[in-house]
Amino acid sequence: MFQEVLINLWRGIESFKGNSDMRTWIYRVSLNTCISYNRKRTRFGRNKELNTDIDLFETKDEDSKQIRMLYDRINKLGPFDRAIILLWLENMSYEDIGAIVGLSTKNVSVRLYRIKMRLMELSNNK
């Protein structure tokens, strides 16, 4: 995916008009590349996934456990909601998130509220 994103950025750099921040444009191209890949994968069947026996949350402290639980819940969200919450966790502004996913700032605010409520529901259901 990383290579595909880089290729798409390289191909599209001439079409970048400068109407938004370069970072926002890169996120948008990356998100669209991943969404397109996911659509193709579900349409044509899934590829066999590589097994990498790496546990990124190997530590046993409480903070690591909570982070792992949060990301497990985020993975249960749909791709669009997952993208919004992950961009928010990257400390992006509502304006930047809206520019990346194609929503108004107000709509991003509403979506984030609903996503947070959904994550709270998932934490209560354990």
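Numbers here are sequence positions counted from 1. FYI, side chains are in, hydrogens and waters are out, and symmetry mates aren't considered; it's all heavy atoms of this structure. All values reported here derive from a predicted model rather than from experimental measurement.
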Under a 4.5 Å side-chain heavy-atom rule over Ile, Leu, Val, Met, Phe, Trp and Tyr, are [X] and [Y] clustered together?
{"X": "Ile85", "Y": "Met120", "result": "no"}
{"X": "Leu77", "Y": "Met92", "result": "yes"}
{"X": "Phe80", "Y": "Leu89", "result": "yes"}

Minimum side-chain heavy-atom gap [X]-[Y] below 4.5 Å:
{"X": "Val5", "Y": "Tyr37", "answer": "no"}
{"X": "Leu31", "Y": "Val101", "answer": "yes"}
{"X": "Leu103", "Y": "Ile84", "answer": "yes"}
{"X": "Ser123", "Y": "Met69", "answer": "no"}
{"X": "Met22", "Y": "Phe16", "answer": "yes"}
{"X": "Tyr71", "Y": "Leu86", "answer": "yes"}

Item to check | Contact list for residues 78-92, test side-chain hydrogen bond (donor to acceptor under 3.5 Å, both in side chains), sequence neighbours left out | outcome: Tyr27-Glu90, Asp81-Arg111
Nearest 0.5 Å, please: how far is [atom2] in [Y] from [atom1] in [X]?
{"X": "Arg28", "Y": "Asn32", "atom1": "CZ", "atom2": "CG", "result": "5.0 Å"}
{"X": "Ile26", "Y": "Arg23", "atom1": "CD1", "atom2": "CZ", "result": "10.0 Å"}
{"X": "Thr33", "Y": "Ile7", "atom1": "OG1", "atom2": "CD1", "result": "9.5 Å"}
{"X": "Leu112", "Y": "Asn107", "atom1": "CG", "atom2": "CG", "result": "10.0 Å"}

Item to check | Member of Leu122, Leu119, Ile115 meeting the side chain to side chain contact (heavy atoms under 4.5 Å, CB included) criterion with Ile74 | outcome: Leu119
Next on the checklist: Before you tell me yes or no, could you show the steps for Ile100 and Trp25 under side chain to side chain contact (heavy atoms under 4.5 Å, CB included), namely the whole-Å CA-CA distance, both residues' side-chain angles and the distance that decides it to 0.1 Å?
Outcome noted: CA-CA 7 Å; Ile100 292 168; Trp25 178 77; over 6 Å; no
Item to check | Closest contact, heavy atoms only, Tyr94 versus Val108 | outcome: O-CG2, 3.9 Å
